[in-house]
Number of protein chains: 2
Amino acid sequence: MTSTELLPIGSVAASTGASVSTVRYYEEIGMISVASRVGGKRRFHPETVGRVSFIRRAKEVGFSLGEIRSILDDEAGGWLGVVEDKIDELDRRRGRLELMIAMLKEMRDCGCEAVASCPRSDDFALEPESSSSVATP
Amino acid sequence: MTSTELLPIGSVAASTGASVSTVRYYEEIGMISVASRVGGKRRFHPETVGRVSFIRRAKEVGFSLGEIRSILDDEAGGWLGVVEDKIDELDRRRGRLELMIAMLKEMRDCGCEAVASCPRSDDFALEPESSSSVATP
DNA sequence: GTATGACCTCAAGTCAACTCGAGGTCAAGA
DNA sequence: TCTTGACCTCGAGTTGACTTGAGGTCATAC
């Protein structure tokens, strides 16, 4: 064997930027597979590093752990659907983000004292709901 | 007076998409100003609707209530700084989002069985940290 | 030989942003 | 008259994603 180099939790944490407790937590909730134990201590497969990094990046972008899990762990091919949906959602989100950025830039340049009194902010407050979404409660 | 038309909480909720409890909650934590009471019932200024809508849109895009408050309520002009910072942050976030979308699309098209086994996902797992942020621990 | 650091478990705490439930008031309509 | 609906307060519960704390085990460094 080319020495599979199992990693202690500290290395996984260090090379992913997650905290040791977070890695333990991810193991506990099944986001990563249960590590083998050597003398009671966790030894992780190196691939866990990639997985944890993926989780962190995906979280930054706004995926929940549940969504990440369904993308990462789908064995039946359904992950494609999840990903397609997510692409759509992210595209929409990007659209809103761009709107928000544009609006903030306009507000920055329009000379208002405060956002609350800036007429530009109205554009943003108006409903851009056209696609299906929240049912009115 | 042109009848300032104070609104009951239900109208505010209905025209913003927030729930009645959320509007109460926003008042309680000072996200919106305390409504006057008529017979114990809240009557909101119409401008509250714009404010709550703004809050909701901003939240969708990823602002926390705290950030929204600092943008909306800064009387001293510091909101410009907050907004500038936020524009930068949103630009970065959009960058990551685009990366994520691109990666997911590649994965969608690359024929892998699962994301976990897709080499494309490594690109995403690698650190794209170049600007200031987390110190390598 | 003891102290430090990395690790362990298990339970509980935290934080944001709500949400719910119990118990009550009040006005308008059938 | 009775009931429905909109509103009220206050306190507690929820969810997601961790974080912290108490108390303990080892191995290595000084």
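Numbers restart at 1 for each chain; the letters A, B, ... are given by sequence-line order, proteins then strands.
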Whole Å only: how far is the [atom1] atom of [X] from the [atom2] atom of [N]?
{"X": "K59(A)", "N": "dG16(D)", "atom1": "NZ", "atom2": "P", "value": "13 Å"}
{"X": "R43(B)", "N": "dC8(D)", "atom1": "CZ", "atom2": "P", "value": "8 Å"}
{"X": "I29(A)", "N": "dT19(D)", "atom1": "CD1", "atom2": "P", "value": "12 Å"}

Just N and O in the side chain of Y26(A): are any of them under 4.0 Å from OP1 or OP2 of dC18(D)?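 For dC18(D), OP1 or OP2 has a side-chain N or O of Y26(A) closer than 4.0 Å.
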May I ask you to verify if any side-chain N or O of S19(A) is less than 4.0 angstrom from the OP1 or OP2 atom of dT19(D)?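 Checking S19(A) against dT19(D): at least one side-chain N or O falls below 4.0 Å of OP1 or OP2.
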By the 4.0 Å heavy-atom rule, please label [X] as base, sugar-phosphate, or nothing.
{"X": "S21(A)", "answer": "base"}
{"X": "I9(B)", "answer": "sugar-phosphate"}
{"X": "R37(B)", "answer": "sugar-phosphate"}

Which residue lies toward the 5' end of DNA chain C, G39(B) or L65(B), if each is placed at its nearest nucleotide?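 Closest to the 5' end, via its nearest nucleotide, is L65(B).
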Option passing side-chain contact (heavy atoms from CB on, under 4.5 Å) with F44(B) (candidates V34(B), V52(B), L6(B), V23(B)):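 Only match with F44(B) under side-chain contact (heavy atoms from CB on, under 4.5 Å): V23(B).
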Show the nearest heavy-atom pair for residues P46(A) and E5(A), with the distance to one decimal.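 Shortest heavy-atom contact: CG-O, 3.7 Å.
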Please identify the 5'-most and 3'-most nucleotides of DNA chain C with any atom under 4.0 angstrom from a heavy atom of chain A.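 It runs dA6(C) to dT9(C).
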Could you tell me, to 10°, how much the axis swings from one end of the helix from dG1(C)-dC30(D) to dA30(C)-dT1(D) to the other, five pairs per end?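 Its terminal axes enclose an angle near 20°.
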Answer yes or no: is there a side-chain heavy-atom contact under 4.5 Å between V12(B) and Y26(B)?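 Contact flag for V12(B)/Y26(B) side chains = no.
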